[in-house]
Number of protein chains: 2
Amino acid sequence: MSTLANKIERYIKEMMETAEKNCLELKRKDLAEVFSCVPSQINYVLETRFRDEQGYHVISRRGAGGYFQIIRLEVADNKEMKNLIAAVSETEMDFKQAERFLGRLLEEAVIHRNEYMLIMSMINHESLASAAEAEDRVRAAMMKNVLITLLRADY
Amino acid sequence: MSTLANKIERYIKEMMETAEKNCLELKRKDLAEVFSCVPSQINYVLETRFRDEQGYHVISRRGAGGYFQIIRLEVADNKEMKNLIAAVSETEMDFKQAERFLGRLLEEAVIHRNEYMLIMSMINHESLASAAEAEDRVRAAMMKNVLITLLRADY
DNA sequence: AGAAAAAAGGTCAAAAAAAGTCAAAGAAAA
DNA sequence: TTTTCTTTGACTTTTTTTGACCTTTTTTCT
């Protein structure tokens with residue numbers, strides 16, 4: 001059985017689909033009630049599954065009548081493309097970052113499942129272990145080249 | 001009487017058959033309970049009987065909701081393939097060697113043009129430069145993982 | 001208007017729930 | 001009797017879940 005965090009993630013993503021809009025507004029307390037869990041569990045899900053690198057942006061308001069909004073950032077969007085390139089041109093990238101980033105490309109169908117698996121297998125710690133302290137730098141360079149390749153007109 | 005390790009091995013392989021799927025997901029703790037042994041016994045079985053060279057690839061996740069997956073590789077009876085995996089696992093590989101290897105995979109239509117481009121962009125010198133003297137070892141590890149991924153029955 | 005209460009959401013660290021590692025002890029084989 | 005293979009358990013690491021305490025915003029009551 002999948003974890004509670006996974007269920008909440010799926011629930012939110014389904015809602016987003018159904019909404020047929022790129023923005024979803026929810027109340028933390030209500031959502032926690034639906035899953036009968038503590039409210040901070042919702043924050044955990046947002047922090048681990050709905051970060052900017054993953055293609056979602058979250059804003060919230062406290063106080064009575066508070067809420068949070070999840071906005072999906074589309075790669076198709078030109079501005080987002082620039083963000084992507086900027087992100088990937090960072091000099092270091094740990095595995096988790098790369099995974100979130102690739103998860104996003106997969107979700108948005110920029111890459112397909114097989115490409116995802118292939119890339120993941122090449123950037124994982126096992127592959128890069130011999131690089132020692134240079135691991136995150138190598139990964140960043142690889143990710144940059146992946147993006148450049150994906151953007152090539154003849155890909 | 002056969003050893004416990006052998007029984008667990010048979011049990012897993014039977015499950016794999018029955019599942020009529022190339023991928024099996026299990027919980028280490030549950031399996032240990034079935035055989036009333038310590039959980040690390042399961043790791044022993046996986047390490048000695050389900051290695052890549054033996055035609056199985058294992059992936060796992062720790063933490064609450066953790067599990068492991070055993071994926072069958074399509075090498076089955078193919079001794080040559082198993083040897084190839086073993087060979088690639090050990091070596092260092094410079095760019096030219098990797099290029100020839102990938103070229104063959106492309107010719108034999110194991111991979112397609114896009115995959116070829118993607119992989120090449122990740123193993124080239126530019127990507128791996130920061131690895132310094134470890135470059136060829138990193139490339140070999142990457143190529144091994146590429147091979148494993150391509151052979152995954154669920155690829 | 002100002003103060004207090006209520007109604008949210010945020011943070012952080014501890015507890016819980018897995019899985020991994022490694023070395024020592026025991027059993028089997030050579 | 002060495003050597004190799006198996007079994008066990010103490011300790012580690014990772015991921016999720018929970019709860020106590022904090023901050024912000026609105027509402028209600030003098």
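Reminder, nothing fancy here: chain letters follow the sequence lines and each chain counts from 1.
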Is [X] touching bases, backbone alone, or none of the nucleic acid, heavy atoms closer than 4.0 Å?
X: A:L4; answer: sugar-phosphate
X: A:F68; answer: nothing
X: A:G63; answer: base

task = Find which nucleotide of DNA chain D each of B:V38 and B:R49 is nearest to by heavy atoms, and output the residue with the more 5' nucleotide.
result = B:R49

Donor-acceptor under 3.5 Å ([X] side chain, [Y] main chain):
X: B:S121; Y: A:M142; value: no
X: A:Q97; Y: A:E53; value: no
X: A:E108; Y: A:R104; value: no
X: B:Q54; Y: B:R51; value: yes

note = Winner on side-chain proximity to A:T3, out of C:dG10, C:dA19, D:dT16, is D:dT16

key: Nucleotide of D:dT7, D:dT18, D:dT26 approaching B:Q41 most closely (side-chain heavy atoms)   = D:dT7

May I have the distance from [X] (atom [atom1]) to [N] (atom [atom2]), rounded to whole angstrom?
X: A:R28; N: C:dA7; atom1: CZ; atom2: P; value: 15 Å
X: B:N43; N: D:dT12; atom1: CG; atom2: C1'; value: 13 Å
X: B:K29; N: D:dT16; atom1: NZ; atom2: P; value: 17 Å
X: B:I8; N: D:dT6; atom1: CD1; atom2: P; value: 11 Å
X: A:Y67; N: C:dA7; atom1: OH; atom2: C1'; value: 15 Å
X: A:R100; N: D:dT15; atom1: CZ; atom2: C1'; value: 14 Å
X: B:Y44; N: C:dA27; atom1: OH; atom2: P; value: 15 Å
X: B:I42; N: D:dT6; atom1: CD1; atom2: P; value: 14 Å

key: Distance under 6.0 Å and angle within 45° of ring axis: A:K13 vs A:F50   = yes

OP1 or OP2 of [N] sitting under 4.0 Å from any side-chain N/O of [X]?
X: A:K96; N: D:dT15; answer: yes
X: B:S60; N: C:dG20; answer: yes
X: A:R61; N: D:dT26; answer: yes

task = Check if the side chain of B:R62 and the base of D:dT13 share a donor-acceptor pair of N or O atoms closer than 3.5 Å.
result = yes

key: Any N/O donor-acceptor pair, A:S40 side-chain to C:dG9 base, under 3.5 Å   = no

